[in-house]
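Side-chain atoms are counted along with the backbone in the values below, which use heavy atoms only and exclude waters and symmetry mates.
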Amino acid sequence: MLKQVEKPEWSRVAEAFEASGLTQREFAIARGVRLSTLQSWVYRRRRAATARGEPVRLLPVQLATAPVASESVLEVVAANGVRLRFAVGADVDYMARLVAALGR
């Protein structure tokens, strides 16, 4: 038998699912909620999280020399001196999040 979950609780349930490590089906069965309802709540939570994401912080960049065309590595030097090397074609969003996290 499925139990009723009040609307204000949906965010807590979706958050608990994210932390559980279970599949959506396993979590829904364990909690006694409909799978489709859980999926809807998880979708809303993820959409809300991206909407209120941290603002982009731009960092100063200084070019040392012109890159050589045969290089296959992109190097980023953070303001604190940390050097990060990425393969050309690496995910730019990932690089930006990593640099931002190291700058904190």
Side-chain angles (χ1 to χ4, degrees):
M1 178 167 179
L2 298 177
K3 68 178 180 182
Q4 287 282 22
V5 178
E6 295 300 319
K7 199 169 188 175
E9 191 180 344
W10 77 263
S11 182
R12 291 188 298 271
V13 172
E15 186 176 353
F17 160 72
E18 297 281 8
S20 73
L22 299 173
T23 66
Q24 290 180 345
R25 182 176 307 281
E26 293 167 340
F27 187 86
I29 291 169
R31 282 290 181 106
V33 296
R34 289 180 184 221
L35 176 60
S36 61
T37 304
L38 174 65
Q39 290 170 332
S40 174
W41 292 343
V42 170
Y43 170 78
R44 290 179 197 180
R45 181 175 186 275
R46 289 177 181 171
R47 187 177 62 191
T50 58
R52 65 174 178 266
E54 292 182 21
V56 175
R57 246 183 45 206
L58 299 178
L59 301 173
V61 174
Q62 186 177 29
L63 296 177
T65 59
V68 177
S70 64
E71 289 184 21
S72 60
V73 175
L74 172 67
E75 183 174 288
V76 176
V77 181
N80 61 4
V82 173
R83 292 180 183 271
L84 301 168
R85 292 191 179 119
F86 300 97
V88 171
D91 182 6
V92 177
D93 290 331
Y94 166 74
M95 291 189 297
R97 288 192 311 271
L98 183 58
V99 170
L102 290 172
R104 289 184 193 145

The complete set of side-chain hydrogen bond (donor to acceptor under 3.5 Å, both in side chains) pairs with one or both residues in residues 82-96, sequence neighbours excluded, reads E75-R83, E75-R85

With sequence neighbours left out, what residues match [X] under side-chain contact (heavy atoms from CB on, under 4.5 Å)?
| X | result |
| --- | --- |
| A16 | F27, R31 |
| A90 | F86, M95 |
| S40 | R44 |

Heavy-atom pair of closest approach, residues [X] and [Y]:
| X | Y | result |
| --- | --- | --- |
| L74 | V88 | N-CG2, 4.5 Å |
| L22 | F17 | O-CE1, 3.2 Å |
| R45 | W10 | N-CZ3, 3.5 Å |
| V33 | L38 | CG2-CB, 4.3 Å |

So CD of E15 and CH2 of W41: to nearest 0.5 Å the spacing works out to 14.0 Å

Residue pairs passing the salt bridge (charged side-chain N to carboxylate O under 4.0 Å, His left out) test with at least one member in residues 18-30, sequence neighbours excluded, are E18-R46

Side-chain heavy atoms under 4.5 angstrom apart, residues restricted to Ile, Leu, Val, Met, Phe, Trp, Tyr: same cluster for I29 and L35? no

